Undergrad: 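Take this structure first; my questions come after.
Predicted model only: the values in this text are computed from it and were never measured.
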Amino acid sequence: MSQRKQIIIVEPGGRIHKEAFATAPMVCPYCGGRGVFYSDSVYGQFEEQCPDCKGAGEVMAMVTIDWKPNIKIQ
């Protein structure tokens, strides 16, 4: 589970629109920043790309806020 803590204060500023916030890149916890896993087979050793970071070795969190009108049904 996530451990880094950042606070985002959610308040509309002016006109409403879609917003996105991204964290700084962090080392991929699944592959340890290597981006690949090495496996042995009958044909020798081969590299398998990390499924979480897609070989980048780093991941980042993306938070999207999509402002919508509060339509009250009467």
Side-chain angles (χ1 to χ4, degrees):
M1 207 52 164
S2 301
Q3 293 185 19
R4 181 180 285 187
K5 295 180 183 181
Q6 292 180 319
I7 297 173
I8 299 172
I9 298 172
V10 180
E11 293 177 353
R15 301 215 39 205
I16 60 171
H17 57 282
K18 195 172 203 168
E19 301 176 79
F21 301 92
T23 64
M26 296 172 246
V27 172
C28 177
Y30 191 59
C31 70
R34 293 181 306 275
V36 295
F37 294 99
Y38 296 98
S39 301
D40 290 320
S41 74
V42 294
Y43 303 107
Q45 193 177 53
F46 67 96
E47 288 184 357
E48 185 177 345
Q49 187 180 64
C50 175
D52 286 0
C53 70
K54 308 291 187 231
E58 295 180 330
V59 294
M60 60 185 228
M62 194 70 147
V63 178
T64 304
I65 299 170
D66 194 4
W67 293 98
K68 299 286 184 189
N70 183 20
I71 298 173
K72 296 178 183 177
I73 301 173
Q74 298 179 3

Undergrad: Report the distance from atom SG of Cys53 to atom CE of Met26, rounding to the nearest 0.5 Å.
TA: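 Separation between the atoms: 13.5 Å.
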Undergrad: At what distance, to the nearest 0.5 angstrom, does SG of Cys28 lie from NZ of Lys54?
TA: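 Interatomic distance, Cys28 SG to Lys54 NZ, rounded to 0.5 Å: 10.0 Å.
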Undergrad: Pairs in or reaching into residues 58-72: which pass side-chain hydrogen bond (donor to acceptor under 3.5 Å, both in side chains), with residues at least two apart or in two chains?
TA: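 Output for this query lists Glu19-Trp67, Asp66-Lys68.
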Undergrad: Per the ring-ring contact (aromatic ring centres under 6.0 Å, His included) rule, what does the pair list look like for residues 24-60, sequence neighbours excluded?
TA: Tyr30-Phe37
Undergrad: Which heavy atom of Ala24 sits nearest a heavy atom of Met60, and at what distance?
TA: O-CB, 4.2 Å
Undergrad: Out of curiosity, does Val10 fall in the hydrophobic cluster containing Val63 (side-chain heavy atoms, cut-off under 4.5 Å, transitive links)?
TA: yes
Undergrad: How close do Asp52 and Val59 get, heavy atom to heavy atom, and via which atoms?
TA: O-CG1, 4.4 Å
Undergrad: Please report the shortest heavy-atom distance between Gly55 and Gln49, naming the atom on each side.
TA: N-CG, 3.5 Å
